[in-house]
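Since the structure comes first, as structure tokens, the remarks are kept for the end.
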Amino acid sequence: MGLTERRIGLLFALFLALLAIAAARATWLGAIRGPSLQAMASTQQVEQLVVPARRGAISDRNGIELAVSEPADDIAVTPYLIKSPLKVARRLAPLLGMSQVELLDKLAQKSGFVYLARNLPGTRSAKIKKLDIAGLQFIPSSRREYPRKWLASQVLGWVGTDGNGLAGLEYARDSVLRGTNGTRRIVKDALGEPITLQETQRAKPGKDLRLTLDSELQGKVEDVLAQVGAAWRPKGATALIMDPSSNTILAMANWPRVDANDSAAAPAYAAQNRAVGFNYEPGSTFKAFTVAGALTEKVVTPTDIFHLPPSITVADRTIKEAHDRGTVDLTTKQILAQSSNVGTVRIGQRLGAPSFDRWVRRFGFGAKTGVELPAEESGQVLTLDKYSGSSMGNLPIGQGESVTPLQLATAYAAIANGGILRSPRIIGDVGGVRSPTPPGTRVISQKVAAQLRDMLEGVVEVGGTASQVAIPGYSIAGKTGTANKIDPATGEYSKSRFIGSFVGFAPAHKPKLLVTVMVDEPQGEIYGSEVAAPAFKEIMRFALPYLGIPPNR
């Protein structure tokens with residue numbers, strides 16, 4: 001065989017070998033790698049985008065927006081696609097609101113996906129898109145905004161960066177507000193340019209909440225609490241306004257205030273909605289329920305006269321009055337008006353421990369009110385089997401049990417409205433569907449409720465403990481309260497830490513409004529008549545004419 005023929009044979013063999021290798025490669029790519037390669041091609045040419053659902057808005061009863069959602073973007077980067085990190089950092093840092101050094105650290109990470117910003121407002125995101133920087137990703141999201149910033153922030157709560165409710169109504173009604181995200185399918189050509197866009201699942205917006213709160217009243221209450229904070233430098237303060245006929249909450253405020261747009265900056269105590277989440281001993285404000293039980297059980301009448309020494313001993317406990325006095329004769333009405341500890345203990349003894357325990361629970365103490373707010377406390381009420389020999393010396397005067405401000409307001413609403421205890425409500429409608437008024441349960445007769453309203457009116461008259469809260473033209477009924485706090489170090493009553501409170505309603509005999517004020521650890525003065533009653537007056541003096549409630553005197 002000649003040299004030429006051998007060369008042709010070698011070339012032919014080489015071609016056959018290459019053909020075999022190509023066939024094997026094609027078979028491997030088609031049969032073995034085919035599915036995975038097809039999937040990779042699909043991911044490069046087909047993109048599934050999440051379309052965020054609009055979160056429902058929250059407004060006050062007049063439609064004033066308190067919480068709204070705006071379009072936003074999460075901006076991420078694939079660091080290895082950034083060719084000139086320093087140049088990109090100079091252009092991006094001002095728009096992202098971060099330093100160049102901080103941004104360069106992110107761009108230098110050994111990762112295929114790094115967040116640069118979360119929930120960036122759409123206007124700022126649009127400016128970044130115009131820079132057309134390769135390697136950036138824009139993931140649609142939404143940004144929660146609170147137009148009134150401070151207003152009712154502890155009630156509204158706030159949402160996290162992932163759009164989930166974290167506190168307040170945002171948390172409690174998250175499933176209603178959130179809605180359902182949609183999806184879009186984008187098909188791209190080989191160059192990555194969109195060819196078709198298909199909405200595979202339409203986003204379903206969340207439902208709007210309209211609250212029973214009134215922004216003007218809410219703002220006034222918060223201003224008054226700020227004045228309390230400036231005057232008495234307390235640890236905190238809480239106040240609320242309620243329509244006792246329906247237990248509709250018109251205002252619910254806490255001090256210190258929190259900017260809902262910057263909730264992370266607030267200390268835990270300030271972020272708490274203490275109207276529902278703070279337990280405290282009610283002190284003398286609780287005496288009305290001792291008297292209510294005694295009147296209903298007919299062991300006393302409003303005009304019964306009690307011969308009262310300066311102090312009374314129950315088992316190993318001696319109870320004195322808040323202010324020293326001699327022996328006096330007081331009627332049941334005067335005992336409540338003058339907030340006599342000795343007189344209230346006497347009334348409690350006539351009622352007896354089993355009946356007293358029953359009446360405490362009948363007014364809802366020791367149980368949640370059922371309001372549509374999260375983190376509600378139940379208060380603390382002793383069970384009858386835990387009573388000691390001295391329990392009927394301290395329980396009737398509001399020591400040894402704890403309540404929340406909303407519990408106390410709800411129980412007083414039953415006195416104001418003629419004897420019906422019902423759950424308070426703060427949500428007026430959901431998605432345009434009105435929330436029903438809870439039916440309620442009768443706890444005292446209309447007669448006893450009227451007797452109590454008359455007695456509580458005496459508190460603000462001459463000789464009562466809060467005569468300074470009188471408002472010209474209106475009859476007022478209410479009750480002061482002052483209570484020691486427990487010292488956690490000793491487990492005993494503190495001699496320096498107190499809670500002052502006031503709860504009342506107007507007009508006294510046909511109440512339209514009820515206001516509760518609680519001041520936690522005031523400095524300088526401790527009595528509810530000094531630190532809480534003036535705030536009650538200021539709130540009520542504004543609210544009555546604002547709501548068009550005419551004078552009755």
Side-chain angles (χ1 to χ4, degrees), residues 55-61 66-69 144-146 148 150-179 206-213 218 221-222 236-242 247-280 364-380 402-410 422-431 433 435-436 438 516 518 520:
R55 189 174 181 86
I58 304 177
S59 63
D60 81 343
R61 69 178 190 152
L66 303 177
V68 295
S69 289
R144 198 64 161 170
E145 291 287 339
Y146 301 91
R148 304 296 291 270
W150 312 91
L151 198 78
S153 57
Q154 295 96 336
V155 175
L156 298 174
W158 33 82
V159 299
T161 54
D162 292 323
N164 297 321
L166 299 180
L169 286 168
E170 295 277 27
Y171 170 78
R173 292 294 178 266
D174 186 61
S175 60
V176 172
L177 290 163
R178 186 192 306 150
K207 294 180 179 179
D208 295 338
L209 296 185
R210 186 187 292 263
L211 306 184
T212 60
L213 298 181
Q218 181 75 25
V221 174
E222 292 186 9
T238 297
L240 61 91
I241 303 176
M242 180 186 290
N247 281 22
T248 298
I249 298 170
L250 301 175
M252 180 180 282
N254 295 276
W255 182 90
R257 296 200 299 175
V258 173
D259 184 349
N261 293 311
D262 188 21
S263 59
Y269 183 84
Q272 180 190 34
N273 182 4
R274 291 182 299 280
V276 296
F278 180 66
N279 289 318
Y280 69 102
F365 297 108
K368 296 180 180 181
T369 66
V371 71
E372 312 100 321
L373 289 167
E376 182 181 14
E377 293 287 339
S378 301
Q380 296 172 321
S402 68
V403 304
T404 68
L406 186 59
Q407 270 185 330
L408 191 69
T410 302
R422 61 167 53 91
S423 295
R425 64 189 189 102
I426 199 167
I427 297 179
D429 64 64
V430 180
V433 178
S435 301
T516 300
M518 184 275 295
D520 184 14

- Are the side chain of Asp208 and the backbone N or O of Ala57 linked by a donor-acceptor pair below 3.5 Å? yes

- Task: Taking all heavy atoms of Gln154 and all of Val258, pick out the closest pair and write down the distance.
- Result: NE2-CG2, 3.8 Å

- Between the side chain of Ser402 and the main-chain N/O of Gln380, is any donor-acceptor distance below 3.5 Å? yes

- Message: Restricting to non-hydrogen atoms, name the atom on Thr212 and the atom on Ile427 that form the minimum distance, rounded to 0.1 Å.
- Response: CG2-C, 4.0 Å

- Message: Using the salt bridge (charged side-chain N to carboxylate O under 4.0 Å, His left out) criterion, which residues pair with Arg55? Sequence neighbours excluded.
- Response: Glu170, Asp174

- Atom CG in Leu209, atom OG in Ser59: separation rounded to 0.5 Å? 8.0 Å

- Query: Can you tell which of Ile426, Thr404, Leu373, Thr238 makes a side chain to side chain contact (heavy atoms under 4.5 Å, CB included) with Val276?
  - Reply: Leu373

Identify each donor-acceptor pair in which a side-chain atom of residues 260-271 lies under 3.5 Å from a protein atom, sequence neighbours left out, and give them as a table.
unit_1 : atom_1 : unit_2 : atom_2 : d
Asn261 : OD1    : Tyr146 : N      : 3.0
Asn261 : ND2    : Tyr146 : O      : 3.0
Tyr269 : OH     : Asp520 : OD2    : 2.6

- Query: If you measure from CG on Leu177 to CD1 on Ile58, what distance do you get to the nearest 0.5 Å?
  - Reply: 5.0 Å

- Task: Run the numbers on Leu166 and Tyr171 for side chain to side chain contact (heavy atoms under 4.5 Å, CB included), then give the verdict.
- Result: CA-CA 5 Å; Leu166 299 180; Tyr171 170 78; 5.8 Å; no

- Message: Is the shortest side-chain heavy-atom distance between Leu151 and Asp60 below 4.5 Å?
- Response: no

- Query: Do Thr369 and Glu376 have side-chain N/O donor and acceptor atoms under 3.5 Å apart?
  - Reply: yes

- Item | Point-to-point distance, once rounded to the nearest 0.5 Å, from CD1 of Ile249 to CD of Glu372 | 7.5 Å

- Side chain Arg178, main chain Gly165, donor-acceptor under 3.5 Å: no

- Note on the structure: Residues Gln407 and Ser378: closest non-hydrogen pair is NE2-O, 2.7 Å

- Are the side chain of Arg422 and the backbone of Pro438 linked by a donor-acceptor contact shorter than 3.5 Å? yes

- Distance, nearest 0.5 Å, that separates OG1 of Thr248 from CG of Leu213: 10.5 Å

- Item | For Phe278 against Met518, the heavy-atom pair lying closest together | CD2-CE, 3.4 Å

- Item | Closest non-hydrogen atom pair, Ala275 against Pro405 | O-CD, 3.5 Å

- Task: Apply side chain to side chain contact (heavy atoms under 4.5 Å, CB included) to the pair Thr516 and Met242, showing each step before the final yes or no.
- Result: CA-CA 9 Å; Thr516 300; Met242 180 186 290; over 6 Å; no

- Note on the structure: Looking only at heavy atoms, the pair that brings Val403 and Phe365 closest together is CG1-CD2, 3.4 Å

- CD-CD distance between Gln272 and Glu377, expressed to the nearest 0.5 angstrom: 8.0 Å

- Item | Rounded distance [0.5 Å steps], CG in Leu240 versus CD in Gln218 | 10.0 Å

